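Below is one structure; the comments refer to it alone.
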Amino acid sequence: MLSLIIALFVLIGGIVLTASVPPVSRDALTHHLAIPKLFITYGGIVELPDIPFSYYPMNLDLLYLAALSFGNDIAPKYIHLIFALLTAGLTYHYLKPRMGAVFGTLGALLWLSTPIVVRLASEVYVDLGVAFFGFASIYMLLRWIDSGFKIRFLIWSGIWCGLALGTKYNALVILAILSLMVPYLRSKLDKGEEFLRQRQREGTKTDQPTDSVTVLPRASLRSVFFATVCFVGVALVVFSPWMIRNTVLKQNPIYPMFNRVFNTEDSSGRAWSRTSTMVQDTSGTMAVRHMVFKESLGYMSLIPLRIFFEGRDDNPRYFDGKLNPFLLVFSFVGFLPLGALPTKIRTEQRIWCCFSILFILIVIFTAPVRIRYLVPALPAIVVLSMIGIYRLWAYIEKISGSGLRWQFKIIWSVAVVMMLVYNANYFIDRYQNISPWGYISGVTTRDEYISKRLPEYALIKYVNENLPSDSVLLGLFLGQRMYYFDREILFNEGLLLKAVIESNRDHDIYKYLHKEGITHVILRVDLFLDWESRNMNSSNINKLQNFLDNNLRKIKEIKGFSLYALQR
C-alpha cells in the first residue's frame with residue numbers, strides 16, 4: 001500500500017513538472033487558449049463568426065480565460081490536471097468500498113498513469129473535464145440504483161452530464177447512452193425483498209433493515225418515463241446557456257454540428273481554413289483508412305481492440321494517442337468464470353461494460369479515431385480492469401495448496417507490475433521529450449523553449465514587435481496556431497484561391513485581399529508551394545506569381561516561414 005501511495009505522489013509531481021512549461025500543443029494554440037485570449041482582447045464573450053469552434057461549449061475554457069486574465073497561460077494546464085486528479089479520487093472512492101483501499105489506490109494510480117491521461121494532464125485540452133463529469137454522472141446513476149431510485153441521485157447524475165455537455169460536444173454521446181440506460185435500469189432493477197436480502201448476505205449495507213423492507217412492485221411505465229425525463233431535462237437545463245447562445249446567434253443550439261438540419265441557409269462569416277488541416281480532420285475516418293492507409297475492412301473492424309495496442313502520439317494513422325494493452329486484457333479477465341462475484345459488482349460491471357463499448361463504437365463510427373476522443377470511456381475501462389484484477393486475486397486466494405497459490409500470486413503481481421511499468425516507460429519518455437527542468441530552473445528562457453518546438457514562433461515574435469497594431473494578417477499553412485499572435489490574423493487559404501480564380505490579373509488579387517482588410521501575408525513556404533502546384537493550373541500559377549512579385553513585399557523570412565506586406 002505504501003509503495004502505491006509513493007508511486008502515486010511521484011507521478012503527480014512528475015506531471016506537475018511537465019505541465020509547468022509554456023503551452024505548445026496544437027489545440028491550445030488554435031482553440032482552448034486562443035479563443036479566451038480573443039475574448040479578453042474584445043472585452044467579453046463576443047461572437048467570432050470567422051472561427052466555427054468559437055461556438056463550441058466552453059465550461060473549461062472559461063476557467064482558462066480567468067487564468068489568462070491574470071497573464072498566466074501555464075495555469076490552464078494545472079486546471080486541466082485537477083480534473084485528472086478528481087477522476088483519480090472518484091475512482092478510489094468508487095473502488096474502496098467494493099474491493100478495499102489497496103485496490104482503490106491501484107485503480108487511481110492506473111487511471112492517472114495511463115499514457116493518454118499523462119499526456120492530456122500536462123496540456124491545455126478539455127477532455128479530462130469531460131471524463132470526470134461523465135464518470136461522476138455514471139457514478140451518481142449507480143448511487144440512484146443503490147438507494148432504491150431516490151430522485152436526488154438521478155438529479156445529480158443529470159447535473160454532471162449537463163456539465164460534460166457544456167464542456168465538449170462529444171458528451172452528447174454520454175447523454176445518448178445514459179438516456180437509454182436510465183429507463184432500462186429503472187424498469188429492470190427494482191429493489192425487492194429478495195434482492196436486498198441477497199445484498200445483506202454478501203455484506204453490503206442497505207438503507208434500512210431487511211425486516212422492514214417491503215417488496216416493491218415492478219416499475220410502472222409512468223415511473224420509467226418520469227425518471228428518463230428528469231435525467232434528460234436536468235442535463236439539458238445545465239447545458240442550456242450554450243444552446244441558447246448558439247440558437248440566438250446561429251439558429252442552431254449545437255452549432256456547427258448538424259447545421260444543415262437546423263439552419264441550411266447559414267453562410268455568415270468567412271470560411272475558416274480547412275486546406276491545411278484536411279488530412280488531420282479526415283485521417284481517422286473509415287473511408288480514408290481504407291483508401292489512404294490501405295487497411296482492409298477486416299482490419300478496420302478490429303479498431304476497437306487495436307486502439308489499446310497500436311496507439312502513438314502525434315500520428316493520426318495510429319490514433320494520435322496511447323493506451324495500455326493491459327486495460328483490455330484485465331477487462332476480459334473480469335468476465336471469466338473465476339468464482340462468484342457479488343451481485344452489486346456484477347451488475348455494475350455490466351453497466352460499465354455497456355457504457356464503454358457503446359461509447360467507443362459510436363465515436364469510432366462518427367468521428368476521426370483519436371484516443372483523446374475516447375477518454376470519457378476510459379474511467380469505465382479502468383474500473384473494468386480493476387474488477388478483473390480483483391477477481392483474479394480473489395480466485396487465487398481460494399486455491400488450495402500454499403505452493404501453487406504463491407506461484408499464481410507471483411504471476412499476478414508480475415502482470416500488475418508490468419502494467420504499471422508500461423505506463424512508467426511512457427511517462428519517462430514524455431518527461432525527456434518535454435524537458436521541463438531547463439525552463440523551470442531558468443536555464444532556458446520562455447522564448448527559447450517555445451521557438452525550439454514552434455519553428456514559426458520567431459517570426460510571430462517579429463510580427464508582434466514590428467507590425468502596426470491595426471495590421472490584419474492572412475495566415476497560410478500555419479496550422480491555425482493563433483495564440484501567440486498579438487495582431488489580428490485570418491487563416492484562410494480558400495480566400496487566396498478564390499481571389500486568384502476570380503481575378504483577371506495580378507492587381508485584381510491585391511484589390512480582392514485589400515477589400516477584405518488584409519495588410520500582410522504570413523506563410524510556410526514549402527507547404528504554400530505544394531498547395532499552389534496541386535490546386536492551380538498554369539494560368540492561375542502565373543497570375544499568382546505576378547501578384548507575389550508585384551504586390552507583395554517580403555519583410556522577413558525565418559526557418560522557412562515568410563512575412564509579406566501588401567503593396568500597390
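A quick note: this is a predicted structure, and the numbers were derived from the prediction, not measured.
- Within the 4.5 Å cutoff, no side-chain heavy atoms of Pro76 are placed close to those of Leu63.
- Between Phe149 and Leu185, the closest heavy-atom pair is CZ-O, 3.7 Å.
- Lys322 and Asp314 are not joined by a salt bridge, as no carboxylate oxygen comes within less than 4.0 angstrom of a charged side-chain nitrogen.
- Here CG of Leu95 is found 9.0 Å from CG of Leu106. Values are rounded to the nearest 0.5 Å.
- Between His80 and Tyr125, the ring planes are tilted. Angles from 30° to 60° get that label.
- Among all heavy-atom pairs drawn from Glu348 and Arg98, the shortest one is OE1-NE, 2.8 Å.
- When side chains are defined from C-beta on, Asn423 does not count as touching Val118, because their heavy atoms never get closer than 4.5 Å.
- You'll find the ring centres of Trp352 and Tyr94 inside the 6.0 Å limit.
- Proximity of Phe427 to Ser113: side-chain heavy atoms (C-beta onward) are nowhere separated by under 4.5 Å.
- Counting all heavy atoms, side chain and backbone alike, Phe132 lies closest to Leu90 at CE1-CD2, 4.3 Å.
- At distances below 3.5 Å, not a single donor-acceptor pair connects side-chain atoms of Gln349 with backbone N or O atoms of Ile387.
- Of the possible polar contacts, none joining the Ser157 side chain to the Phe153 backbone as a donor-acceptor pair under 3.5 Å is found.
- The distance from atom CD1 of Ile177 to atom CD1 of Ile138, rounded to the nearest 0.5 Å, is 8.0 Å.
- Annotation for Gly104 and Tyr92: closest pair C-CD1, 3.3 Å, computed over non-hydrogen atoms.
- The number of heavy atoms from other shown groups lying within 6.0 Å of OH (Tyr169) is above 12.
- Of all the heavy atoms in Ala67 and Ala75, the pair that sits closest is CB-CB, 3.8 Å.
- Residues Glu310 and Arg317 are not paired through a salt bridge, judged by the lack of any N-O separation under 4.0 Å between the basic side chain and the carboxylate.
- Checked against a 6.0 Å centroid threshold, the rings of Phe83 and Phe133 count as neighbours.
- With values rounded to the nearest 0.5 angstrom, Leu86 atom CG is found 9.5 Å from Leu81 atom CG.
- Looking at Leu8 and Leu4, their side chains never come closer than 4.5 Å, going by heavy atoms from C-beta outward.
- Here the closest non-hydrogen pair linking Ser25 and Val124 is OG-N, 4.2 Å.
- With respect to Lys168 and Asp127, a salt bridge is recorded, a charged nitrogen being found less than 4.0 Å from a carboxylate O.
- Using a 4.5 Å heavy-atom cutoff, the side chains of Ile364 and Tyr373 are not in contact.
- In terms of modelled atom types and a separation under 3.5 Å, the side chain of Thr114 and the main chain of Val117 share no donor-acceptor contact.
- No salt bridge links Arg26 with Asp320; every basic N to acidic carboxylate O contact stays at or beyond 4.0 Å.
- Looking only at side-chain heavy atoms (C-beta outward), Tyr64 and Val126 come within less than 4.5 Å of each other.
- Separation of atoms CZ (Arg391) and CZ (Arg346) is listed at 8.5 Å; rounding is to 0.5 Å.
- A cation-pi contact, defined as under 6.0 Å to the ring centre and within 45° of the axis, is absent between Arg306 and Tyr318.
- Classification of the Trp412-Trp393 ring pair by plane angle, with boundaries at 30° and 60°, yields tilted.
- Within a 6.0 Å sphere centred on CZ of Phe225, heavy atoms belonging to other residues, nucleotides or ligands number 12 at most.
- No donor-acceptor contact under 3.5 angstrom links the side chains of Asn324 and Tyr426, judged on distance only.
- The number of heavy-atom neighbours closer than 6.0 Å to CE of Met257, taken from other residues, nucleotides and ligands shown, is above 12.
- Judged by distance alone, with hydrogens and angles left aside, the side-chain atoms of Arg453 form no donor-acceptor pair with the main-chain N or O of Val24 at under 3.5 Å.
- Leu128 is not listed as a side-chain neighbour of Thr87, based on a closest heavy-atom distance of 4.5 Å or more.
- Trp156 pairs by the side chain to side chain donor-acceptor pair (under 3.5 Å) definition with nothing, not counting sequence neighbours.
- Screening Thr167, Ile254, Leu175 for a side chain to side chain contact (heavy atoms under 4.5 Å, CB included) involving Phe239 leaves a single residue, Ile254.
- Between the Lys77 side chain and the Val21 main chain, a donor and an acceptor come within less than 3.5 Å of each other.
- Ion pairing between a basic and an acidic side chain is recognised when a charged N comes within 4.0 Å of a carboxylate O; Asp73 and Lys37 show no such pairing.
- With 3.5 Å as the limit, one finds a donor-acceptor pair spanning the side chains of Ser122 and Arg430.
- In this structure, CG on Leu180 lies 9.0 Å from OG1 on Thr228, to the nearest 0.5 angstrom.
- Two rings, from His31 and Tyr483, have their centers 6.0 Å or more apart.
- If you take CG on Leu384 and CD1 on Ile389, they are separated by 11.0 Å, rounding to the nearest 0.5 Å.
- A donor-acceptor pair is defined here as one N or O able to donate and one able to accept, closer than 3.5 Å; no such pair exists between the side chain of Ser240 and the backbone of Met243.
- At a threshold of 4.5 Å between non-hydrogen side-chain atoms, the residues Ile411 and Ile396 do not count as touching.
- For Tyr422, the OH atom counts as densely surrounded, since its 6.0 Å shell holds more than 12 non-hydrogen atoms of other residues, nucleotides or ligands.
- Side-chain atoms of Tyr78 and Ser20 include a donor-acceptor pair closer than 3.5 Å.
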